[in-house]
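Quick notes on the structure that follows.
Since we're looking at a predicted model, the values are computed, not measured. Atoms within each ligand, like the ligands themselves, are counted from 1 in listed order.
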Amino acid sequence: MGRRLIAGNWKMNGLRGTGVALAKDLAARAQAAGEGGAELLICPPAQLLFTVAEALGNAPIALGGQDCHPAPSGAHTGDISAEMLADAGCSYAIVGHSERRGDHGEGDGVVKAKAEAALAAGLTPIVCVGETADQRRAGQALSVIETQVLGSLPADVPGARLVVAYEPVWAIGTGLTAEPADVEEAHGHIRGLLVGRLGTEAGGAVRVLYGGSVKPGNAAELLAVPNVDGALVGGASLKAQDFWAIAAT
Ligand code: 13P
């Protein structure tokens with residue numbers, strides 16, 4: 001695998017003042033640290049993308065969108081296309097986050113179409129999967145993950161330009177994190193599916209992130225799990241110090 005990827009998903013948080021301050025703080029830290037550590041990515045809400053891109057300047061921090069529409073343009077009120085994200089300076093797009101799947105009824109088919117739109121616009125899609133608490137209790141975690149991965153992955157992945165994020169729904173924003181053994185099992189299963197779909201080399205090169213209440217205090221343990229190639233951080237990515245501590249783990 002390549003460099004570890006530490007991604008911050010700001011979700012629906014951040015106005016111009018707070019967003020710019022956070023981006024500038026992270027940019028200064030990243031510039032002082034230089035290249036060589038983890039690859040860093042922040043995904044602010046859409047209205048801040050251009051402003052945050054400017055605040056980041058040439059700091060080694062990538063920019064991503066939190067969602068995109070499958071179509072490049074058209075009559076889709078309130079949506080944003082992958083092309084627009086690229087135009088704003090993004091190189092990544094999160095698709096299929098459980099909050100989109102839940103709040104907006106997005107199924108695997110539309111997530112796959114979004115991932116393909118991201119690729120077509122030159123972005124790297126971050127495809128999110130993860131089971132609910134009920135599904136885990138019912139012993140269905142791996143089968144749910146498998147259905148989501150197989151149904152949500154783009155048909156063709158040029159140059160393994162893909163990231164998968166395993167985010168157990170019950171661990172998101174709850175302070176609960178999956179046990180390392182469960183994370184290892186889920187990530188191992190996802191790796192097997194990626195290798196089956198893309199072949200050993202490309203499937204092995206796809207980074208599989210863990211997400212769900214990642215914090216400075218648990219990052220080391222989670223990032224040490226086999227097949228965990230980085231983290232998708234929600235709440236803790238809103239504090240520069242916490243996000244930086246996770247990135248520097
Ligand atoms: P939290 O880190 O707030 O649990 O959010 C995780 C997440 O959903 C990132 O996409």
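Proximity to G235 (heavy-atom distance under 4.0 Å) selects the following atoms of ligand 1: 1 (P), 2 (O), 3 (O). Which parts of ligand 1 touch N9 is read off a 4.0 Å heavy-atom cut-off, strictly below it: atoms 9 (C), 10 (O). Interface of G212 with ligand 1, defined as ligand atoms under 4.0 Å from a residue heavy atom, comprises 4 (O), 6 (C). When each atom of ligand 1 is checked for a heavy atom of S213 under 4.0 Å away, the hits are 1 (P), 2 (O), 4 (O). Near L232, meaning under 4.0 Å from any of its heavy atoms, are these atoms of ligand 1: 9 (C), 10 (O). Residue A171 approaches ligand 1 through these ligand atoms, each under 4.0 Å from one of its heavy atoms: 4 (O).
By the 3.5 Å distance cut-off applied to N or O atoms, G234 is counted among the residues near ligand 1. The N/O atoms of G211, backbone and side chain alike, include none that comes under 3.5 Å of an N/O atom in ligand 1. Geometrically, ligand 1 and K11 share a nitrogen or oxygen pair separated by less than 3.5 Å.
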Under 3.5 Å, sequence neighbours excluded: what are the donor-acceptor pairs made by side chains of residues 177-190?
{"residue": "H187", "atom": "ND1", "partner": "N227", "partner atom": "O", "Å": "2.9"}
{"residue": "H189", "atom": "NE2", "partner": "E146", "partner atom": "OE1", "Å": "2.7"}

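Not a single heavy atom of K215 sits closer than 4.0 Å to an atom of ligand 1. The shortest separation from a heavy atom of G173 to ligand 1 is under 4.0 Å, placing the residue in contact. Look at G175 and you'll find every heavy atom at least 4.0 Å from all atoms of ligand 1.
Of the inter-residue distances, the one linking C90 atom SG with E83 atom CD reads 13.0 Å to the nearest 0.5 angstrom. We find the NE2-CD distance between H97 and E106 to be 11.5 Å, quoted to the nearest 0.5 Å.
Classification of D79 and K114 as a salt-bridged pair fails, no side-chain N sitting under 4.0 Å from a carboxylate O. A salt bridge is absent between D108 and K112; no separation between the charged side-chain nitrogens and carboxylate oxygens falls under 4.0 Å.
Using modelled atom types, no side-chain atom of N9 and backbone atom of G234 make a donor-acceptor pair closer than 3.5 Å. The backbone N or O of V149 sits nowhere less than 3.5 Å from a side-chain atom of R197 that would complete a donor-acceptor pair. Judged by distance alone, with hydrogens and angles left aside, the side-chain atoms of E167 form no donor-acceptor pair with the main-chain N or O of I172 at under 3.5 Å.
Residue contacts with ligand 1 for I172 involve both N, CA, C or O and side-chain atoms from C-beta outward (heavy atoms, distance under 4.0 Å).
Side-chain contact between L40 and L26: absent, with no pair of heavy atoms (C-beta onward) separated by less than 4.5 Å.
Here the shortest heavy-atom distance to atom 9 (C) of ligand 1, taken over E167, E99, Q66, belongs to E167.
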